[in-house]
Amino acid sequence: MDALDRLTNRRILEQKIAQEPEPQILDAEKLASGLKSKVIGQDAVCDDIAAQIRRRLALRQRNKPIGVFMLAGPPGTGKTYLAKSLAAELGRALLHFDMTQFSSGAHGATQLFGASKGYIGSNSYGKLTAALRDTPDAVVLLDEIEKAHPEVHKNFLTAWNDGFVTEASDGKQISTTRAIFMLTTNAATDALHALSERFADDADELRRASTNALGEAGFAPEVLNRIDRIFVFKSLTGLDIARVAALEIEAMIKSYGLDVADEGIDPDILINMMRRQSRLGTGASSRDLVRAVEESLADTLIDAKEHGHTKVALVSAEGGVIAKPQ
Ligand SMILES: Nc1ncnc2c1ncn2[C@@H]1O[C@H](COP(=O)(O)OP(=O)(O)O)[C@@H](O)[C@H]1O
Ligand SMILES: [Mg+2]
């Protein structure tokens, strides 16, 4: 007789096992291809991040977040966009914190983690604590983390090391073990750019050198030590710049309530943007370049909209770009 038949009611046990939640097994290839279909020119990062998340969901450490990941690299290369895309692909809530807002130590910490009793604001929760209480499975995006005060960075250490944050107003512990933390930074862009070329074929060495570069850029060692993995984004080159620029232009046109006609973007416009990008170097994001195009275009877009058109083509004209209704 089977030990289980002898020692327990096997039939009931089997029924109960069938009702247990399955351990979360994520299809890393599906996640990677979902990310790559959105985020252009960062295939290595997308593959790596999907593999890391799969591994970490499977071997969940009970007292730590699923992951604390740093996305580093030049502005306008898709770091914020990747974090948002990850939340969408995983079907998780996105808690987006613009860390430039927390540049003063004590005040920044109060806004995120609440105020102690007797202080102004102690009747309501901090932004981070309230959000994690309501959506513990979130992707927490700490965008441009280098802009926050170093004291604010240190406040995250218990979230990452001990698996909870303490809300200051009532002392409640709020778990961070189901969250994924995504930090982005534009710090040390030039150094990271040089390193990513030098160690293009050696991801481990690239991560080690990148950690050092971020240390030199002012991140405290205990913060860097607690980051599970650094992903270094490449500057976009060649057709990838044109791809991103074309998508950005399309989004901008849509914001005017219009669509781009098929083959409606004059290649010269994209060539000019690419030239400007290579002149300006890694400091120029596609967003800035599109903003410059928008300036010369806005009047003709508004005209097209007012005359009831729905589709436009963009042509390169003397001194800028104009929209022609289709
Ligand atoms: N690699 C990319 N793939 C697709 N779109 C991109 C990429 N990089 C930038 N973009 C576009 O430019 C916008 C700004 O990029 P963002 O992710 O904010 O850059 P950053 O690296 O500075 O965080 C995005 O919303 C997206 O539309
Ligand atoms: Mg960003």
Side-chain angles (χ1 to χ4, degrees), residues 31-50 69-90 94-103 139-148 180-193 195-197 200 210 213-214 217 219 227 229-256 259-260 265 269-270 273-274 276-278 280-294 314:
L31 175 58
S33 67
L35 293 173
K36 285 186 271 191
S37 73
K38 292 180 176 163
V39 182
I40 292 162
Q42 308 292 356
D43 288 7
V45 169
C46 294
D47 287 333
D48 192 12
I49 218 161
F69 299 129
M70 173 84 97
L71 311 181
T77 52
K79 300 182 298 296
T80 304
Y81 187 50
L82 182 119
K84 291 182 183 171
S85 304
L86 180 70
E89 290 288 322
L90 293 173
L94 176 78
L95 307 178
H96 186 166
F97 295 94
D98 170 5
M99 299 306 284
T100 58
Q101 292 178 356
F102 309 109
S103 57
V139 169
V140 182
L141 169 55
L142 306 180
D143 211 3
E144 305 197 10
I145 183 84
E146 77 278 14
K147 310 261 169 67
I180 300 172
F181 285 85
M182 302 290 282
L183 287 52
T184 78
T185 181
N186 298 327
T189 289
D190 293 337
L192 292 177
H193 178 64
L195 291 172
S196 69
E197 305 221 311
S210 305
L214 290 174
F219 282 99
I227 288 166
R229 203 167 180 88
I230 297 183
F231 303 88
V232 180
F233 280 55
K234 293 194 300 189
S235 343
L236 296 172
T237 53
L239 268 188
D240 286 339
I241 299 175
R243 265 188 203 105
V244 172
L247 287 171
E248 287 269 282
I249 290 176
E250 181 180 44
M252 182 259 289
I253 302 290
K254 280 195 176 359
S255 74
Y256 286 80
D259 284 316
V260 182
I265 301 177
I269 296 170
L270 299 176
M273 289 173 76
M274 290 168 71
R276 203 173 312 172
Q277 170 108 5
S278 66
L280 296 174
T282 54
S285 71
S286 60
R287 210 174 342 175
D288 299 333
L289 297 173
V290 170
R291 216 168 276 144
V293 171
E294 181 174 3
L314 308 186

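Computed from a predicted structure; not experimentally measured. Computation of the quantities below employed the complete heavy-atom set of this structure, encompassing side-chain atoms and omitting hydrogens, waters and symmetry-equivalent molecules. Read the numbers this way: they start at 1 and go in the same order the structure lists the ligands and their atoms.
Note that CG of L270 is 11.5 Å distant from CZ of R243, once rounded to the nearest 0.5 Å. Atom NZ of K234 is separated from atom NE2 of H193 by 11.0 Å, given to the nearest 0.5 angstrom. If you take CG on D190 and CG on L195, they are separated by 11.0 Å, rounding to the nearest 0.5 Å. Rounding to the nearest 0.5 angstrom, the gap separating the OG1 atom in T100 from the NZ atom in K147 is 6.5 Å. In this structure, NE2 in H96 is found 4.0 Å from CG in D143, a value given to the nearest 0.5 Å. Here I265 contributes atom CD1 and I253 contributes atom CD1; the two are 7.5 Å apart, rounded to the nearest 0.5 Å.
Among protein heavy atoms, atom 4 (C) of ligand 1 sits closest to K38 O, 3.5 Å. Summary of contacts: the protein heavy atom closest to atom 18 (O) of ligand 1 is R287 NH2, 3.3 Å. Looking only at heavy atoms of the protein, atom 21 (O) of ligand 1 is closest to K79 NZ, 2.8 Å. Atom 23 (O) of ligand 1 has its closest protein heavy atom at T80 OG1, 2.7 Å.
For the salt bridge (charged side-chain N to carboxylate O under 4.0 Å, His left out) criterion with E89, the lone passing option out of K36, K38, K84 is K38.
The ring-ring contact (aromatic ring centres under 6.0 Å, His included) search around F231 returns F69, not counting sequence neighbours.
In V244, the part holding a heavy atom less than 4.0 Å from any atom of ligand 1 is the side chain. Counting heavy atoms closer than 4.0 Å to ligand 1, residue E248 contributes side-chain atoms (C-beta onward) but none from N, CA, C or O.
Checked by distance only, ligand 1 and Y81 come closer than 3.5 Å through their nitrogen or oxygen atoms. Polar contact with ligand 1: absent for N186 (N/O pair, distance under 3.5 Å). Distances between N or O atoms of G41 and those of ligand 1 include no value under 3.5 Å. Annotation: I40 places an N or O atom under 3.5 Å from an N or O atom of ligand 1; distance criterion only.
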(request) Evaluate the side chain to side chain contact (heavy atoms under 4.5 Å, CB included) criterion for residues V39 and V45: first the C-alpha distance (whole Å), next the side-chain angles of each, then the deciding distance (0.1 Å), finally the verdict. (result) CA-CA 10 Å; V39 182; V45 169; over 6 Å; no
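Taking a 4.0 Å cut-off on heavy atoms, G76 registers as neighbouring ligand 1. Using a 4.0 angstrom heavy-atom cutoff, E144 does not count as in contact with ligand 1. Under a 4.0 angstrom heavy-atom cut-off, T184 registers as lying outside contact with ligand 1.
Within a 6.0 Å sphere centred on CG of L239, other residues, nucleotides and ligands contribute 12 heavy atoms or fewer.
Ligand-side atoms of ligand 1 in range of P75: 22 (O), range being under 4.0 angstrom from any heavy atom. Under a 4.0 Å criterion applied to the non-hydrogen atoms of V39, ligand 1 contributes the atoms 1 (N), 3 (N).
Of all the heavy atoms in A83 and V139, the pair that sits closest is O-CG1, 4.2 Å.
With hydrogens and angles disregarded, no donor-acceptor distance shorter than 3.5 Å links the side chain of E250 to the backbone of V260. Although no hydrogens or angles enter the test, the distance criterion places a donor-acceptor pair under 3.5 Å between the side chain of T184 and the main chain of E144.
Only protein N, O or S atoms were considered, and those under 2.8 Å from the Mg ion (ligand 2) are T80 OG1.
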